[in-house]
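Working notes, beginning with the structure itself.
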Number of protein chains: 2
Amino acid sequence: MTVMESAPVKARKHCAGSVGHPRPTGQDRYSISEVVAHTGLTAHTLRWYERIGLMPHVDRTHTGQRRFTNRDLDWLDLVGKLRLTGMPVADMVRYAELVRQGEQTFAEREELLTTHRENVRERIAELQSTLEVLDFKINVYADARRASERFDPV
Amino acid sequence: MTVMESAPVKARKHCAGSVGHPRPTGQDRYSISEVVAHTGLTAHTLRWYERIGLMPHVDRTHTGQRRFTNRDLDWLDLVGKLRLTGMPVADMVRYAELVRQGEQTFAEREELLTTHRENVRERIAELQSTLEVLDFKINVYADARRASERFDPV
DNA sequence: TATTTGCTTGGAGTGCACTCCAAGCAAGCG
DNA sequence: CGCTTGCTTGGAGTGCACTCCAAGCAAATA
C-alpha cells in the first residue's frame with residue numbers, strides 16, 4: 001500500500017465566505033461552541049451529525065465533552081459545501097462511510113462526487129433558465145410602472 | 001381504485017423532462033389528469049395548491065370536476081420555475097394574492113420578484129464555488145486512481 | 001344493469017433535516 | 001458553598017412540501 005494522505009482530505013481555506021469566524025491559528029482542540037462560531041451550524045446539528053455518522057469519531061475530554069480538531073473543521077467545511085448544493089444527508093453519510101473505509105474506496109468516492117457534480121451543473125442550468133423568466137417578468141412590471149409614472153406622476 | 005394519483009402513468013408520452021409536453025392546440029379546458037400530464041405535478045399537489053391559495057380560482061364542470069385553462073397552465077409553469085429556484089410556497093402564495101388583487105400591486109410584485117432574482121443569483125454563485133471544490137477533490141481521486149493504475153495495472 | 005374509471009373531499013400521514021427539551025454533570029467564580 | 005455557564009444525553013417536536021387515504025359520486029363501458 002502506497003503511503004498517501006487518505007482520509008478526510010485537506011480542504012484548505014478556500015472560501016470560508018458563508019458564515020463563521022476564521023480559524024484561530026495554532027489551535028487543534030475546539031469546544032462545540034467554538035465550532036458553532038466557526039461553522040454557523042448549531043450545537044444540536046453538530047451532535048446530530050455525529051449521531052447519524054456524518055462526522056468521523058470526535059475526540060472527548062476526560063469529562064466527556066467534545067473536542068473538535070482542525071481536521072474535523074475541514075470535514076465540516078466540505079459537508080457544508082455539499083449541503084449547500086442540496087446533497088441529501090444520506091449521501092453525505094455514505095461518503096463519510098467510504099472515507100472511514102480507507103483508500104480502497106477512492107474509486108467509489110470519485111464516482112459519487114462526479115455524479116453529484118453533474119447534478120450541480122444541471123441545477124445551475126435550471127437556475128439560469130429561471131433567471132431569464134424572472135428578468136422577463138420583472139421587465140414587464142418595470143415597464144408598466146414607468147408607463148404609469150409617465151401618465152400619472154405623483 | 002385510483003391508479004394514477006402518484007405516478008403519471010399516461011403522463012410521459014413525450015419528454016417529461018423539464019416541464020411537461022407541448023400543450024394541445026385549440027384547447028382551453030383541461031381535466032386534472034391532463035394537467036398532471038402537462039406539468040409533471042401529481043393530482044394531489046394540484047388540489048393542494050388550490051387549497052392553499054397558490055392557484056387562481058379553477059373552473060368546474062357541472063359535476064364539480066376541475067377544468068383548467070391555458071391561463072392556469074401558464075401560471076403553473078411560472079410556479080414550477082419559482083419552485084425550482086427554491087422559493088418557499090408561502091412566498092408564491094403571497095405572489096398569487098398580489099396577482100388576485102390586480103394592477104395596483106404591480107410595484108410589490110416587481111419587488112418580490114427582484115428580491116427573489118437576487119437570491120437566485122447568489123444561489124448560482126454558491127453552486128459555482130462548490131463546483132470548484134468538487135473539481136478539486138475529483139481530481140485528487142482521479143490522480144490517485146491513475147497513479148495506482150500505473151503501478152498496479154490489472 | 002353492473003363494473004370500471006376518473007374524479008371529488010377533509011383530514012391524516014410521510015420524509016427530510018433539523019430543533020428543542022428535560023434532566024443532569026462539571027468547572028469557574030464571588 | 002451556591003450560582004452560573006457550558007456541556008452531556010435520548011427522545012420528542014417542528015416546519016415544510018407534499019402524499020396518501022377512505023368514502024363517495026358521475027359518466028363511460030361491458
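All chains are named by letter (A, B, ...) in the order of the sequence lines, taking the proteins before the strands, and each is independently numbered beginning at 1.
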Spacing between B/Y30 atom OH and C/dC7 atom P, to the nearest angstrom = 15 Å
Identify, residue by residue, the members of residues 44-52 of chain A with a heavy atom below 4.0 Å from DNA chain C, and return them in order of residue number, or none.
-> A/H44, A/T45, A/W48, A/Y49
Which atom pairs, donor and acceptor, lie under 3.5 Å between side-chain atoms of residues 99-107 of chain B and protein residues at least two apart or in another chain?
{"unit_1": "B/R100", "atom_1": "NH2", "unit_2": "B/G53", "atom_2": "O", "d": "3.3"}
{"unit_1": "B/Q104", "atom_1": "NE2", "unit_2": "B/Q101", "atom_2": "O", "d": "3.3"}
{"unit_1": "B/T105", "atom_1": "OG1", "unit_2": "B/L98", "atom_2": "O", "d": "2.7"}
{"unit_1": "B/T105", "atom_1": "OG1", "unit_2": "B/G102", "atom_2": "O", "d": "2.8"}
{"unit_1": "B/T105", "atom_1": "OG1", "unit_2": "B/R109", "atom_2": "NE", "d": "3.0"}
{"unit_1": "B/T105", "atom_1": "OG1", "unit_2": "B/R109", "atom_2": "NH2", "d": "3.3"}

side-chain contact (heavy atoms from CB on, under 4.5 Å) partners of A/P88, counting only residues at least two apart = A/D91
Expressed in angstrom and rounded to an integer, what is the separation of A/F68 atom CZ from D/dT8 atom P?
-> 7 Å
State which residues pass side-chain hydrogen bond (donor to acceptor under 3.5 Å, both in side chains) with A/N119; sequence neighbours excluded, sorted by chain then number.
-> none
Mind jotting down which residue pairs meet the ring-ring contact (aromatic ring centres under 6.0 Å, His included) criterion with at least one end in residues 108-137 of chain A? Sequence neighbours excluded, please.
-> none
Do you know the tightest heavy-atom contact between B/T85 and B/V120?
-> CB-CG2, 3.7 Å
Whole-Å gap separating P (D/dA26) and CZ (B/R66) | 16 Å
Spacing of B/L84 atom CG relative to D/dC18 atom P, expressed in whole Å = 11 Å
Position toward the 5' end of DNA chain C (nearest nucleotide), A/H62 or A/R83 | A/R83
Rounded to whole angstroms, how far apart are CD1 on B/I32 and C1' on C/dT8?
-> 9 Å
For B/T63 and for A/R67, locate the closest nucleotide of DNA chain D by heavy-atom distance; then report the residue assigned to the nucleotide nearer the 5' terminus.
-> A/R67
What is the distance from CE of B/M87 to C1' of D/dA17, rounded to the nearest Å?
-> 16 Å
Basic-acidic side-chain contact under 4.0 Å: B/R123, B/E126 = yes
Bend of the helix from C/dT1-D/dA30 to C/dG30-D/dC1 from end-axis comparison, five pairs per end, nearest 10°, comes to 10°
Tell me, please, which residues at least two apart from A/E108 pass side-chain hydrogen bond (donor to acceptor under 3.5 Å, both in side chains).
-> A/R94
For A/R83, side-chain hydrogen bond (donor to acceptor under 3.5 Å, both in side chains) partners two or more places apart = none
side-chain contact (heavy atoms from CB on, under 4.5 Å) against B/Q128, all qualifying residues, sequence neighbours excluded = A/I124, B/I124
Taken in chain and number order and not counting sequence neighbours, the residues that satisfy side-chain contact (heavy atoms from CB on, under 4.5 Å) with B/R67 are B/R29, B/S31, B/T61, B/Q65
Which residues satisfy the side-chain hydrogen bond (donor to acceptor under 3.5 Å, both in side chains) test with A/R146, sequence neighbours excluded?
-> A/D143
Whole-Å gap separating P (C/dC7) and CZ (B/R60) | 12 Å
Residues of residues 112-126 of chain B with any non-hydrogen atom less than 4.0 angstrom from an atom of DNA chain D: list those, numerically ordered, please.
-> none
